[in-house]
Amino acid sequence: MNDIKACIFDLDGVIVDTAVYHYKAWKRLANELGFDFTEAYNEQLKGVSRVRSLQLILGWGGITKTEAEQEQLATQKNTWYMEMVNQMTPAEILPGAREFVEACRAADIKTALGSASKNSMTILDKLQITHLFDAIIDGNKVSKAKPDPEVFLKGAQELDVEPKYCVVFEDAIAGVEAAKAGGMKAIGIGDPEVLHEADLVVSGLDKVPRPPKGGVGEWVFNKI
Ligand code: BG6
Ligand code: MG
């Protein structure tokens with residue numbers, strides 16, 4: 001039994017529902033290119049970098065673009081995405097997310113963000129929660145995308161906590177795989193059938209038991 005010392009949070013789909021904005025912006029791009037893709041396909045884009053997402057989408061549409069055109073399309077998608085992000089307020093933090101992160105900190109559990117998004121800092125700023133994370137590892141700081149564990153291992157390193165004492169919260173299949181590959185516990189946020197590799201799956205951070213007052217040894221994450 002290990003005592004959990006750190007919690008590492010994905011951003012999109014865990015702390016805030018930007019996953020919906022990503023989907024809308026990609027869908028708009030696909031529609032302009034003359035095709036569509038479903039929400040089931042969208043699951044494969046969660047946790048995946050901007051460039052790789054575009055390549056997958058172009059593949060689904062059977063479309064070939066040069067590297068320069070791809071760059072332009074990714075920029076266009078990001079512009080539409082950021083239009084939605086810029087409208088965001090702290091009210092859009094997902095239920096229980098802020099309270100859960102605060103409860104961890106109050107129990108002396110370190111907190112980090114581990115996100116593929118290059119827009120993480122802007123989003124945290126919009127939500128006014130940047131100060132709740134002891135370390136922030138985003139898409140600008142990693143060279144290998146999830147399911148590679150780099151983003152979470154860097155988070156653990158910056159927190160100075162061994163991976164086996166870390167719990168990762170993720171809504172993406174690739175993110176759950178990354179946490180497990182890094183030797184961490186993975187809590188899936190979403191559908192248990194989709195996130196079946198996670199150690200435990202809940203619908204949101206509002207459903208995760210807070211660290212018990214008597215000591216983290218009794219916490220559910222020390223028993224899975
Ligand atoms: C991940 C999202 O968090 O970040 C993906 O789940 C997204 O959908 C990726 O593509 C990169 O985000 P951004 O903001 O850098 O385009
Ligand atoms: Mg996510």
Side-chain angles (χ1 to χ4, degrees), residues 7-30 37-60 70-88 92-94 97 100-101 112-127 133 136-152 154-155 167-180 184 186-191 194-195 197-198 201-205 208:
C7 287
I8 308 182
F9 301 87
D10 173 49
L11 176 65
D12 296 317
V14 171
I15 301 285
V16 66
D17 205 5
T18 33
V20 173
Y21 299 149
H22 279 296
Y23 178 46
K24 282 187 180 167
W26 284 128
K27 204 173 164 63
R28 182 170 171 187
L29 192 79
F37 66 92
T38 62
E39 245 173 281
Y41 274 85
N42 188 57
E43 281 302 322
Q44 297 176 49
L45 302 180
K46 288 185 180 173
V48 174
S49 75
R50 198 181 308 167
V51 174
R52 181 72 194 127
S53 298
L54 176 66
Q55 289 167 350
L56 285 171
I57 292 166
L58 291 175
W60 297 336
Q70 286 184 28
E71 203 169 301
Q72 205 193 335
L73 290 170
T75 302
Q76 174 63 81
K77 179 266 173 179
N78 197 52
T79 304
W80 288 331
Y81 173 67
M82 289 311 285
E83 277 169 16
M84 291 183 269
V85 164
N86 283 324
Q87 304 291 320
M88 277 172 36
E92 282 185 60
I93 299 174
L94 283 168
F100 184 76
V101 181
L113 191 88
S115 170
S117 174
K118 294 186 173 174
N119 298 304
S120 295
M121 292 308 289
T122 309
I123 294 168
L124 291 177
D125 188 48
K126 283 260 156 214
L127 302 175
F133 298 95
I136 295 175
I137 312 297
D138 67 10
N140 301 297
K141 289 193 182 171
V142 290
S143 54
K144 287 175 249 156
K146 299 170 187 176
D148 189 284
E150 184 188 12
V151 63
F152 297 135
K154 277 199 167 167
V167 182
V168 169
F169 297 85
E170 256 294 349
D171 71 318
I173 300 165
V176 167
E177 286 171 0
K180 299 307 293 176
M184 302 177 182
I187 310 304
I189 305 287
D191 184 343
V194 176
L195 303 172
E197 285 183 44
V201 180
V202 291
S203 59
L205 288 175
V208 180

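Counting starts at 1 for both ligands and their atoms, in listed order.
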(message) Let's go through V168 and D10 carefully: what are the C-alpha distance in whole Å and the side-chain angles of both, what is the deciding distance for side chain to side chain contact (heavy atoms under 4.5 Å, CB included) to 0.1 Å, and is it a yes or a no?
(response) CA-CA 8 Å; V168 169; D10 173 49; 6.0 Å; no

(message) Ignoring waters, how many N, O or S atoms from the protein are under 2.8 Å from the Mg ion (ligand 2)?
(response) 3

(message) What's the separation between atom CE in M121 and atom CG in N119, rounded to the nearest 0.5 Å?
(response) 11.5 Å

(message) Let me confirm one number: the NZ-NZ distance from K27 to K77, rounded to the nearest 0.5 Å.
(response) 14.5 Å

(request) Under the side chain to side chain contact (heavy atoms under 4.5 Å, CB included) rule, what do K24 and V20 come out as? Steps first, then yes or no, please. (result) CA-CA 6 Å; K24 282 187 180 167; V20 173; 4.1 Å; yes

(request) Any pair with a residue in residues 167-178 that passes salt bridge (charged side-chain N to carboxylate O under 4.0 Å, His left out), sequence neighbours left out, goes on the list, sorted by first then second residue, please. (result) K146-E170

(request) Please list, by chain and number, the protein residues whose heavy atoms come under 4.0 Å of ligand 1. (result) D12, H22, L45, K46, G47, V48, S49, R50, S53, Y81, S115, A116, S117, K118, N119

(request) Apply side chain to side chain contact (heavy atoms under 4.5 Å, CB included) to the pair I136 and L124, showing each step before the final yes or no. (result) CA-CA 10 Å; I136 295 175; L124 291 177; 3.6 Å; yes

Could you list the donor-acceptor pairs under 3.5 angstrom formed between side-chain atoms of residues 39-48 and any protein atom two or more places apart in sequence or on another chain?
from: E43; atom 1: OE2; to: K46; atom 2: NZ; distance (Å): 3.1

(message) Using side-chain heavy atoms (C-beta onward) and a distance below 4.5 Å, is D191 in contact with V201?
(response) no

(request) Decide whether Q87 and Y21 meet the rule of one side-chain donor and one side-chain acceptor closer than 3.5 Å. (result) no

